[in-house]
Amino acid sequence: MTGRGRFITVEGIEGAGKSTHIPVIRHFIEARGHRVVMTREPGGTAVGEHIRELLLEPREEGMEADTELLLMFAARAEHVGRVIRPALAAGCWVLCDRFTDATFAYQGGGRGIAAARIEALEDWVQGDLRPDLTLIFDISPATGMARIGPRGSRDRIEGEKVDFFERIRDAYLERAARHPERYRIIDGEADLATVQARLAGVLAGLY
Ligand code: TMP
């Protein structure tokens, strides 16, 4: 294709099934003749993957919410500048496992940071770059926690309590309700075949 590619992001709480469904989304886009760059946040660059480790390794003493927020955007600045913008400019479609909606959900809804502060960083780091489409896999935190397994094996964010994930889920759903043109919510509670059929239906209606 010619011109700018499209920017598609995939979101959901832990255990929502993103990693199962992202290859299907990729296949769908490629089957329509587009080149796909698949990437993730936090991460997607060498510096970003280092920042990811800092963010996710469990630590007794915790981390300031603002530190967490700023590290997310530090990783994002690298990712936007070095991977996402160049890929889109080259006509590739970018399929990203989480992006700034995760910041509004986790650091905003989860940690309680005001949306206006996140919006300021969003404008600074991204300029006018926003996803063209965001797919949210929606499940209850109880299902998510059951899927990701025992607390002892979880990373720093996965180790939070269920009410943290309730706030995150609510924040995702609120954002989607406010901008329905950009979001598609896929109910991820059902068995795999049912969720994949729902995903196929959503994608078929889009492109
Ligand atoms: P992942 O394990 O789904 O790749 O996501 C890594 C974790 O980082 C997950 O717990 C969500 C969290 N996260 C944020 O808190 N804020 C963000 O902006 C992003 C991109 C991820």
Side-chain angles (χ1 to χ4, degrees), residues 7-23 25-26 38-45 47-59 62-84 94-115 117-126 129-131 134-139 141 143-149 151 153-176 183 186 188:
F7 182 24
I8 300 179
T9 60
V10 183
E11 302 280 356
I13 64 167
E14 337 294 297
K18 289 182 294 109
S19 34
T20 305
H21 299 298
I22 283 174
I25 302 168
R26 176 192 197 148
M38 236 171 75
T39 186
R40 70 169 179 181
E41 288 211 348
T45 64
V47 167
E49 292 293 331
H50 276 300
I51 296 174
R52 180 186 177 92
E53 280 172 30
L54 268 178
L55 278 162
L56 297 186
E57 68 192 0
R59 58 182 73 239
M63 183 185 283
E64 288 294 314
D66 281 350
T67 309
E68 188 176 279
L69 173 69
L70 292 166
L71 284 173
M72 292 294 174
F73 271 104
R76 187 161 298 136
E78 195 72 6
H79 196 208
V80 166
R82 290 179 184 242
V83 175
I84 298 175
V94 174
L95 179 57
C96 192
D97 182 347
R98 298 194 185 282
F99 194 62
T100 308
D101 287 297
T103 315
F104 283 102
Y106 282 75
Q107 284 66 52
R111 304 282 189 221
I113 296 177
R117 301 183 80 184
I118 302 174
E119 281 160 2
L121 290 167
E122 180 183 41
D123 289 343
W124 178 7
V125 166
Q126 296 166 222
L129 178 73
R130 300 289 181 277
T134 298
L135 299 172
I136 299 175
F137 287 92
D138 181 53
I139 58 166
T143 302
M145 296 298 97
R147 285 187 188 162
I148 64 174
R151 188 167 286 273
S153 62
R154 298 180 190 174
D155 67 33
R156 193 177 59 82
I157 294 177
E158 288 170 345
E160 290 288 339
K161 299 198 182 67
V162 111
D163 61 316
F164 178 75
F165 296 103
E166 295 282 5
R167 294 196 299 276
I168 291 166
R169 181 190 196 188
D170 290 348
Y172 273 133
L173 296 178
E174 265 170 39
R175 282 178 71 73
Y183 296 89
I186 297 154

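One-based numbering, in listed order, for ligands and for the atoms of each. As a basis for the values below, the full set of heavy atoms in this structure was taken, side chains included, without hydrogen atoms, waters or symmetry mates. FYI, the numbering just counts along the sequence from 1.
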Do Gln126 and Thr100 meet the criterion of a side-chain donor-acceptor pair at a distance under 3.5 Å? yes

Would you please say whether a donor-acceptor pair under 3.5 Å links the side chains of Arg76 and Thr103?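 Yes, Thr103 and Arg76 have a side-chain donor paired with an acceptor closer than 3.5 Å.
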
What do you reckon, does [X] have a nitrogen or oxygen under 3.5 Å from a nitrogen or oxygen of ligand 1?
| X | answer |
| --- | --- |
| Arg76 | yes |
| Arg40 | no |
| Gln107 | yes |
| Arg52 | yes |
| Lys18 | yes |
| Thr103 | yes |

Should Glu158 be listed as contacting ligand 1, given a heavy-atom distance under 4.0 Å as the test?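 No, that is not the case, since the closest heavy atom of the residue is not under 4.0 Å from the ligand.
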
With heavy-atom distances below 4.0 Å as the criterion, list the atoms of ligand 1 near Ile157.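 In order of numbering, the contacting atoms are 8 (O), 10 (O), 12 (C), 15 (O).
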
In terms of atom number and element, which parts of ligand 1 are under 4.0 angstrom from non-hydrogen atoms of Glu14?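 Listed by number with element: 9 (C), 10 (O).
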
With a 4.0 Å cut-off, would you call Arg59 and Glu57 a salt bridge?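 Yes, charged N to carboxylate O under 4.0 Å.
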
Atom 7 (C) of ligand 1 [closest protein heavy-atom partner, distance rounded to 0.1 Å]: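 Of every protein heavy atom, Leu56 CD2, 3.8 Å lies nearest to atom 7 (C) of ligand 1.
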
May I ask you to identify the nearest protein heavy atom to atom 5 (O) of ligand 1, giving residue, atom name and distance to one decimal place in Å? Arg98 NE, 3.0 Å

Atom pair OG1 (Thr9) and CG (Leu95), whose distance is rounded to the nearest 0.5 Å: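 Answer for the OG1-CG pair, Thr9 versus Leu95, is 9.0 Å.
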
Report the distance from atom CE of Met63 to atom CG of Leu56, rounding to the nearest 0.5 Å. 8.5 Å

Just checking Phe104 against Tyr172, ring centres under 6.0 Å apart?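 For Phe104 and Tyr172, the ring centres are not under 6.0 Å apart.
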
What part of Glu41 sits under 4.0 Å from ligand 1 if we count only heavy atoms: the side chain, the backbone, both or neither? both

Proximity of Pro42 to ligand 1 by residue part, where a heavy atom lies under 4.0 Å: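 The part of Pro42 near ligand 1 is both the backbone and the side chain.
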
Taking the side chain as everything from C-beta on, heavy atoms only, tell me whether Ile139 gets closer than 4.5 Å to Arg147. yes

Within the side chain of Arg156, is there an N or O that forms a donor-acceptor pair under 3.5 Å with the backbone of Gly62?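 Between the backbone of Gly62 and the side chain of Arg156 there is no qualifying donor-acceptor contact (under 3.5 Å).
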
Strictly distance-based, threshold 3.5 Å: is any side-chain N or O of Arg52 a donor or acceptor partner for the main-chain N or O of Gly43? no

Select the closest option to atom 14 (C) of ligand 1 among Met72, Glu68, Arg156, judged by heavy-atom distance.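 Going through Met72, Glu68, Arg156 one by one, Met72 has the nearest heavy atom to atom 14 (C) of ligand 1.
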
